[in-house]
Each structure stands twice: as C-alpha cells, then as structure tokens.
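Down below is the structure, laid out as structure tokens.
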Amino acid sequence: MATTPPLEHRTRFLDHRIPSLYAGKYTITTQQSIADLSGSSLPTRDQRFDVRGPRFAIAGTDVRACYPPPGAVGLYSQVLPHVTLETPGVPWLRFLAGQEPDVPWLALLVFREGELPGDPRAIGEADACTARELVAGRLDTGEQLPGQGPEIDPASLFADETESICRSILVPKELFTCIAPLTTEMAMLAHVREGGPPDATPGAAPVPDEEELAAVVVANRFPDVKGGMHVAHLVSFDGHEGLLGGDPVSADGVRLVSVWSWVFESEPDSGIGFGDLAQHLAADASPLLRLRPQAPPHPNAAQQEALGRIATGSTALPQRLASGERTASFYRGPLTAAPAQDLPDPADGEVRLQSADEALVYVEEYGVYDTGYASAFTLGRTLALADPEFRRHLLAWRKAARGAARRLLTHPHLAGRSLTAAQAGLLTRDLARDAFDKLLTEGGGTRLARALGDAGADVAAGRRRTPGARRAHVTPLTAAGLHTALHRTEVRDVLRAATATQLDPVAVWLNELVTLHRVPFEHLVPDPRMLPRESIRFFYVDPGWIKAAVDGALSIGVGHTLDADLNELAHGVREAPACGMLLHSDIVENWPDTVYAGFRSGAKVEPLRVAHYGTHVMMALFPRIVDTFAFAEPPQGLFFGFGDLGTIELRTISEPDVGMPMGEFPEDPDDDRFSRFLRPGGHDVLNVAGEGDALLPALAEAHNVSESGLTSAQFTLQMVRAPQLQSFVRP
C-alpha cells in the first residue's frame, strides 16, 4: 500500500561531464602541401585560442547550494557535506596528468576545530595571495609560503589570472594522509544531477534537460559526532598530480588552493535519532489509547465488566452523588480505543440533553456510574459560560431566531405553504413597506389613486374601514404550532438562512468544539498512563460525546421550550472526526517539520485538525477512518550519508526499476553497521575504495556486479539518504 504522495519530481544522477577540450591554452597549426609538386607547400599558419574556466576561485553565482547550509547549526554527524555547482562540467574542466578522465580536479575536504594551523577555530580563515605568488612559492615580501604548493607552469596562467587573489590552506602531513581521497574515490564522489518533471513511463531515459543539470562534489568525511565547528573547503588538485600518484607528502604539509569554502556547526550526537525513536514507537504491538491493567486469572462478572470498559478507553474514578453518597464511576472522554456504541434512535425527533443528570448513565447491576456524557455536557456548558463573546453571539442569534420563527408562522405568503431556503429573505422584509410597494406598482398606480380617492370620502363621512378577513390558511400562533413546525426540515433550513448573519459566529465556535478546541487535555487523556513518554496511540472519536458537549454549550440562556427547539438549528454544522492519533515523543519537539499522513485504501486523507499540547505531544484528527498512518523524517533536501540505524537504503541500479528500494545495507544487525566502512585512525573518513573493509566492493557484491561495474551515479544512488519513514497499518 502506498504511504507517500505520488511522485511529483524526478531526480537523475549522471556519472560525469567530461569536456571535449579541457581548460587551458591551445594552438591549432595548419599546414598544406600541393600534390605532385615535390617539396612545395603553403606557409604554415598557427591559430591560438583559449578555453577558460575557474582555476583559483569559483564565483558565488556558480554555487547553487551547500549542505549543511553555511552558518547552520544542527545534527550532521551522519551526513557527508556536499556542494552543488550551477555549471555541470566544472569538476572535470581540468585534466589531471596521469589520471583517468573521470577523476575531477576538485575535491571537498572537511576540517574540524584545531586541525588547520591557519584556522584553529574552523571559522573559514585562509591565506590570501596572488596566483603568481602561489605558483612561485613565495610572497613579494620574500617570505616563503610554507607547505608543498602546487606545481603549476607559470606560462599556463592567463594574463588576468596572475594577479588574481586566491585563498589557500596549509594541511599538516599527518592530517592530509588520513583524509585525502584516493583518485578512485574522487571519481565516485563527484557526479552530475538532473532535476525535472516525472518521466512519462517507468524506466524512461529522456535527454537531459541542460537547464536542470548541476555538478555535485561530495566530501569523504563525516562531521564529528562530538559536535563543534567545521569548515568545508572545495580544494584544487591542479598541480598536485604527484601526490595523487603516490609521491611522498612533504613534512611541512600540503598547501591546497581553496576555490570555495563555508562553515557550519554540528551539534553533539546523543546516539538517539529520528529512526531510533520511530522504531521504538513501532515496537508497540497494540498502540490503542487505553489503560493496560493486569487482569486477574479468573475475573468475575464485575471484574469482566470493568475490564471491558477499560479496554474501550475508560478509566475508573471515585464518584460522589448529590446526596453525599460515594461510589465508583467510569469516565471515558471523546477518544476511544474501540468504536463507540451507537446511541438508541430517538422515538420522536432529536434527543436533546437539557442537563448533565440526563446524561449520567447508571449501571444498576453493579451500582456504578458512567460519567462520560454527563462530563461532556458539563464541559460544553462550562466552556460556553467562560467565553463572553460566544455568549453574546448565542443570545443575539437566539433572539433573531425566535423572531424569525414567529414571523414565519404568521407571514401571509409563507405560513402553511411549502418552503424553500430561497424564501428566507421574506422573513427579514418589512411587510408594511412591501404592501405599500405593491399598492404603488400594481395596475399602473390605479389602485393607489382609487384608495386615495376613497379615503377622502370616508374621512369626511367619519367612516372607518374594517380589515379584511384573515386568509384561511393563516392559523393563530401557538407554542404547539411552533414546536411542530420546527420539526420540518424545510422550516429549519429557512430559519437557518434567515438568521445566517447571527448564526455564523455561533457555528464557528461550535465547529471548533466539534474538533475538540478548548477541550482540556485531561478530558482527552484522563489517565497519563494511557499516553506514556515515547508512545503513539490511535483512537476513534465518539460522536455522542461531542453531541453532549454541544448540547451543554447550547444549554446556556434557554428560557423556554422554543429556545430549546431552536437549538436544533445550530446542530449538525460539522460532522465529528472519525479517528485520530496522539504522539508523545521527542520527535514532536526535535523534528517539528515531520511529515504526518493518513491513508484509506491507498488514498491520502487530510486531517481536520493538528494540535500540539506542550512541547512533546501532538494530536491529529481525521474525518474518516484511516487504515494506514505514516510519518516521515523532515525533508532536508537531497543529501548523502547513513541513517540512525547505521544503514543505508540499497537501491536498484538496473532498468526498468532504477532507484527502487531493496532493503537496508548492511543487513546484519550484529555487526558494526556503517562504521565498518570508516578508515582507521578516528577521523571519520569514509573508506570508499581503500584497503581493508571498503564500501565500494561491498556495494558491488550486494548488487552482484564487479567493483568496476559500479559507476559514480550508481554509487551516489546508494548514498542518498532518504527521509526515514515509519508506517502503522490497522489490522
């Protein structure tokens, strides 16, 4: 069953973009000879041209993104930092002598506090000099630049490059030896990424969209698990081909050109991450909102009754009656562990609660009470009394509804007739004005002229006109007539429409009550043991409890039977939620952007409401019963690393299902998981293809291909860290 929304974006990884011509200076020599004329030829012609590209620095406009973001503070000990470049071919613009074409001239190195002598605080400090001084190895002041610098032919510099400012860092010999990537690793840690619209068909391989291509260079080192400041340098190996080929490292260290850099701070890793918490939540075999008492071996009838009520979400409480007697009772709020029992169908119309005593259920056989609905009525009434704005709106609407009901039953054009909601406007009109308007317009004004003429004679003679007989279908107004009329659906619809202005703020407040706004948390979870720390609980919503709360809210200000009858106009504005979820976990506070979703038969169900209680508890209410609930780690963009469980998601590398998950890697939960693929020495450097237990051959074996059979795009596909997902399926 699908537990995530449909794919709306495509990401493809390409191995590299090797240029037809590398950056540098070129000369085209043309020489022509004339056939059959021995020794005869035309003059040789040389044409010089340049292929330009960044060498000592990369412009900020060519950097699309960095991860972790510059200046960010977060938990990054499980991700490999990376930089994304706008121009897809930049990492391969320069050829490194003696290397394969897919080996980039750039690599991303990560340094911690106290590692670089020129930047002990890891805040991005670097040495600045001109390109000419760097190539010469000394400053114009005569001071020697320490460290083994790049061996670059000065003649290869362009005129505008010689005096350009470049930044460089001095890496101590021991540190460079520990963290410098192998050439095979450099090739694996650089790729081209394409983002775009979804493929038309699974497995399709459309021509790359040039506008969507970008180059990505990934570091080979994880940030420190202890936290602290880090600086990432995108360094050039142009002129350091000897070091890549195995030449010894100078005792003074290596001076590398930093073409781009940024800093970030990693927080200490507690060892408990999103995946660990999600896995713990999923370990509960019965995550329903209820107590779990220890049942006696052979419960009697009373104990079975109590256990049955507790199994549905009730809790036992002491009860004191109005007479002063003490007994036991059960309380269950609106959230239940099983669907609530349907209330009996009313014999005559709607059943309205007029008081809390009417909702108090007495279990005569055992002499105990069920106070759930009575508490709901009292709570709804208390919330309404505590809100002066709602009280004002409620009384104003009730006054308008009483007037509209009386006018409806005496209106000459509505009383006793079939009604539609469109006729509601007639209830708010002035009957005298309407009669006068009719007198003016009917008969072209002749009725008005005749009435005025007759009126003069009647006044002169002292005669008084007697009113006409009441229409036969208009009956005298009685309380019984109002009560009977309000049972008609069309009458209620007309009255709702006629009082819509006054009813709207009342309906808004009641709608919020239906979705449990303002309901104290202890009414939702009456016993803290129902929702312990690091737990997830699912529940149904009892519509009867919510109706009792609404009845309680509408009970204030009821003066007589008509007011109680009119309350029906405010009922049924919104259906009660069907089910929901409560989560009490560090996930709520530490991962506030977590994605939550409910599904029914594979279709996503949007929540009616998501609420937070304090810092560690959240609730989601759904309008329909969901069969699957899932939550996923907040999306942080595309990045690389391993998950909280020390594994990566193995993905298919062959058509047509490229990228489909194949399970966790490594599989054995008893080994060191991903830490086995780190270089020895304690620097948290990923051993991609070095000696010992390397990642690349292990991945190749998992995919049943040779080590050389994995390309950089396929390797990247395995290292993409997808947000962790945990789903719960209703049996």
Side-chain angles (χ1 to χ4, degrees), residues 7-23 51 53-54 58 62-67 80-96 99-108 181 183-220 234 637-641 648-662 686 688-689 695-696 699-700 703 705-722:
L7 181 68
E8 295 180 353
H9 197 78
R10 180 193 69 226
T11 299
R12 285 196 299 175
F13 301 108
L14 309 174
D15 294 330
H16 40 63
R17 171 158 285 200
I18 299 174
S20 300
L21 288 175
Y22 293 99
V51 177
I58 288 180
D62 201 36
V63 178
R64 177 178 296 183
C66 303
Y67 191 85
L80 294 171
H82 71 272
V83 58
T84 304
L85 306 176
E86 289 285 357
T87 306
V90 166
W92 300 274
L93 278 180
R94 299 187 178 278
F95 179 70
L96 297 180
Q99 303 300 328
E100 295 296 326
D102 62 343
V103 177
W105 63 285
L106 298 173
L108 187 62
T183 55
T184 303
E185 296 175 337
M186 291 173 64
M188 286 292 167
L189 294 171
H191 64 273
V192 175
R193 181 190 305 171
E194 180 204 20
D199 293 340
T201 56
V207 176
D209 184 352
E210 292 294 328
E211 297 296 325
E212 295 289 341
L213 294 180
V216 181
V217 181
V218 184
N220 67 336
L234 185 62
L638 205 59
F639 57 94
F640 311 92
I648 62 175
E649 181 76 68
L650 206 64
R651 296 179 176 88
T652 306
I653 61 174
S654 58
E655 299 289 354
D657 298 323
V658 174
M660 295 299 293
M662 298 172 56
L686 184 62
V688 178
L695 177 59
L696 189 60
L699 287 174
H703 286 286
V705 297
S706 64
E707 182 176 344
S708 59
L710 280 180
T711 67
S712 62
Q714 293 169 339
F715 175 77
T716 299
L717 187 62
Q718 312 306 309
M719 293 303 298
V720 170
R721 181 181 170 183

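- Remark: Phe95 engages Tyr22 in a ring pair (Phe, Tyr, Trp, His ring centres under 6.0 Å) (not counting sequence neighbours).
- For the pair Tyr67 and Thr84, the minimum side-chain heavy-atom distance is 4.5 Å or more.
- When only modelled atom types and interatomic distance are considered, Gln714 and His703 share no side-chain donor-acceptor pair under 3.5 Å.
- Closest of all the heavy-atom pairs between His82 and Arg193 is NE2-NH2, 4.1 Å.
- With a 4.5 Å cut-off on side-chain heavy atoms, Leu650 and Leu699 count as touching.
- In terms of heavy atoms, Ala187 sits closest to Ser712 at O-CB, 3.3 Å.
- A pairwise comparison of heavy atoms in Val688 and Met188 identifies CG1-CB, 4.3 Å as the closest pair.
- Two residues are said to be in side-chain contact when any heavy atoms from C-beta on lie closer than 4.5 Å; Val63 and Leu85 meet this criterion.
- Listed here is the closest heavy atom pair of Trp92 and Arg17: CB-O, 3.5 Å.
- When atom types are taken as modelled, the side chain of Gln718 and the backbone of Arg651 share a donor-acceptor pair closer than 3.5 angstrom.
- Side-chain atoms of Asn220 never come within 3.5 Å of backbone atoms of Leu686 as a donor-acceptor pair (strictly under, hydrogens ignored).
- Contact between Leu234 and Leu108 at its shortest, heavy atoms only, is N-CD1, 3.8 Å.
- The two residues Pro54 and Leu93 make their nearest non-hydrogen contact at CD-CD1, 3.8 Å.
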(message) With side chain to side chain contact (heavy atoms under 4.5 Å, CB included) as the criterion, how do Met719 and Val218 come out once you've worked through the C-alpha distance, each side chain's angles and the decisive distance to 0.1 Å?
(response) CA-CA 10 Å; Met719 293 303 298; Val218 184; over 6 Å; no

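- The number of heavy-atom neighbours closer than 6.0 Å to CE of Met662, taken from other residues, nucleotides and ligands shown, is above 12.
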